[in-house]
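Beneath this line is the structure, given in structure tokens, with notes to follow.
In what follows, every chain begins at residue 1, and chains take the letters A, B, ... in the order their sequences are listed.
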Amino acid sequence: MHWADFTAEKLSKERGNKQVACSGITPSGEFHIGHIREILSAEMIHRACLDAGLDSRYIFIVDSMDPLRRVYPFLSEDYEQYIGYPLAFIPAPDSAGKPDPEGGSYAEHFLGPFLDALAEIGVFPEVIMNHETYASGQFAEKIDSAIEQADKIREIIESISGRELDENWFPYNPLGSDGSMDGVTVTGYQKPFVHWTDRHGNSGSADIRKADGKLPWRIDWAARWGIHGITCEPAGKDHGAAGGSFDTGLPICKLLGSEPPSKMVYEWIQVKGAGPMSSSSGNTVGPIEALSLVPPEILRYLIAGSKMNRHIDFNTGSALFQMADEYERLVASAPNPDAEDLTKRQRVAAITQSGAMRLSQINRGTDPVDSLAGVTFRHLAMLAQIKTSDDDVWNSLRNSGHLTDEPNSALQNRLERMRNWIGSIHFPEDARINIQKKIEDNARAQLSPEQITFLQRLAVELSDSEWSDEAIGNTIRTISSDCGVSGRESYVALYWAMLGRKHGPKASSLLLEIGKDDAIKLLSS
RNA sequence: GGGCCUGUAGCUUAGUCAGGUAGAGCGCCGGGCUUUUAACCCGGUGGCCGGGGGUUCAAAUCCCUCCAGGCCCGCCA
């Protein structure tokens, strides 16, 4: 059974018919590919719940009340002044990274494009801005309860996480007179007000029914589980480690009077690419960029096809071919779990794969077959490089029998991503078609005298030839037999001359794209 | 130090929760398509399931132990 279906079944037994799956993000602007795994894990469990007939919601909590922690590389130094301020209450940066008073809130600024990217992979969550939950007073009861039981919470955090909490630790961080959480000391509590003094020597009171402050992370997380009735929230393995926020969150959530979701931990996803890229250089692939390179259903398949506890290497290099082609093949010849001659193992595998394909679809409930492109990613990569116009790609596919009619949206989508990929540094060099300007020495060394003669005669003959795919092809074959070189040998010679390799895409198409003058210059060199 | 995860074919892995003759893809090799789009089709090679012990009629699967690798425990998923 697929992990999402397995989880849905388990949730149904534990918590009944109503389910709320949740994931979240801090809208700091520092998004990474791991967020995709978290979000898709939660969203797929939600879909699996719906498919199992449960009443399920998928909510996406934006940590808009979290403070800006540091000046990120994409921000100007002006943001130094906003450190400690909730992301919902500071201005968005402009294109130069400077605070833009007209640009709306920082949180919204980074959230928008991210949600747009999620929509492309078919994820449409109920978005909850955490600062609004504070502002609406929904946190008030939990905050009060946390303050009343501060000693118990302190004990839970200290004993389970092994962290020593500061003497001044208080389970609520109010905003000071300037709106920052930094340097604010709590001086007392009279429901519903937390009294404080700040670093400027000012004092005041925060109303726990408003967005005047927030719970510290570990408590905030536990409190929101209760407020939103969350039954499932997959968390990264850092949260799942012994003494991590999951372990402290469970008892705190109960202490605050709610039933927590059961612990669910997923492994990390790491980026490995072909280009000059590594996490140490800071040049990694973010989720939005990943979407521009990888067709959406294939990105979903990356997550759906991997077990949660399995570490994933997200590779935007040559492994992308394999991933895309695996998806295509799997959908094209879908395993049938109902076949009669299956062993138990094969049946289990077939059910799991069917689940992975079902959950990989951008739109829930659509037939995976609709997402077939009908051509391998590798083949498309080749065509995209030698055909500058999309129509020429479609024509070529019609000629080769891959396409009978108009391209479907899945195929158009693949080509669009493919062109982005080819234009990026991530596209693998050995898949890149490098058309030679002249016949290189190492290529010439591979050729027999007869092959050389063939190329020279071809150059002469082509200069009088009509410049069409068919005419070029005919000329190649005519000269080939005239020279007494076999068809195979002549094509090999052409590929060595044009690409410096022994094989390649259809020679006549390639020559057509190179252009008459350049082609003749090349062949006669 | 505490904890989590992973070791199955050259590579990526399914199968481990519910024990019943080790499956798949890629790669590779061979063949076909009698003009080679890196296409497409067919066939084949390849694994003492990390080591050892135990439970069982039966173990990749359950238990113990050892080895190897990866990772987390600072509000980065």
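Note on A:Ile25: nothing from the nucleic acid sits closer than 4.0 angstrom, heavy atoms only. If you check every strand for non-hydrogen atoms under 4.0 Å, A:Ile269 touches a base. Within the 4.0 angstrom heavy-atom criterion, base atoms lie near A:Ser396. As judged by a 4.0 angstrom heavy-atom cut-off over every strand, A:His379 is placed among the base-contacting residues. Nucleic acid contact class of A:Arg310 (heavy atoms, under 4.0 Å, all strands): sugar-phosphate only. Looking at heavy-atom distances under 4.0 Å, A:Glu38 makes contact with sugar-phosphate atoms alone, never a base.
Nucleotides B:U8 and B:C48, compared at atom C1', are 12 Å apart to the nearest Å. A gap of 10 Å separates the P atoms of B:C26 and B:C41, to the nearest Å. Taking atom C1' in both B:A59 and B:G74, the straight-line distance is 43 Å, to the nearest Å. Across B:G53 and B:C72, the matching P atoms stand 35 Å from one another, rounded to whole Å. Straight-line distance between the P atoms of B:A58 and B:G70: roughly 38 Å, to the nearest whole Å. Comparing the same atom, P, in B:C64 and in B:C71 gives a spacing of 26 Å after rounding to whole Å. Comparing the P positions of B:C49 and B:G3 gives a spacing of 30 Å, expressed to the nearest Å.
For A:Arg69 against B:C75, a side-chain N or O and a base N or O form a donor-acceptor pair under 3.5 Å.
Between A:Leu499 and A:Trp268, it is A:Leu499 whose nearest contact on RNA chain B lies nearer the 5' terminus.
Checked against A:Met357 for a side chain to side chain contact (heavy atoms under 4.5 Å, CB included), the options A:Leu330, A:Thr352, A:Val369 give a single hit: A:Leu330.
Distances were taken from every side-chain heavy atom of A:His239 (C-beta onward) to each of B:C75, B:A77, B:C5; the shortest belongs to B:A77.
Taking a pair to require two hydrogen-bonding distances under 3.5 Å in either a Watson-Crick or a G-U wobble arrangement, B:C28 pairs with B:G44.
Taking the side-chain contact (heavy atoms from CB on, under 4.5 Å) definition, one finds that A:Ala8 meets it with A:Ala48, A:Cys49, sequence neighbours left out.
In summary, the aromatic rings of A:Phe110 and A:Phe114 are positioned with their centroids too far apart to meet the 6.0 Å limit.
For A:Glu158, the CD atom sits in a packed shell: over 12 heavy atoms of surrounding residues, nucleotides or ligands are nearer than 6.0 Å.
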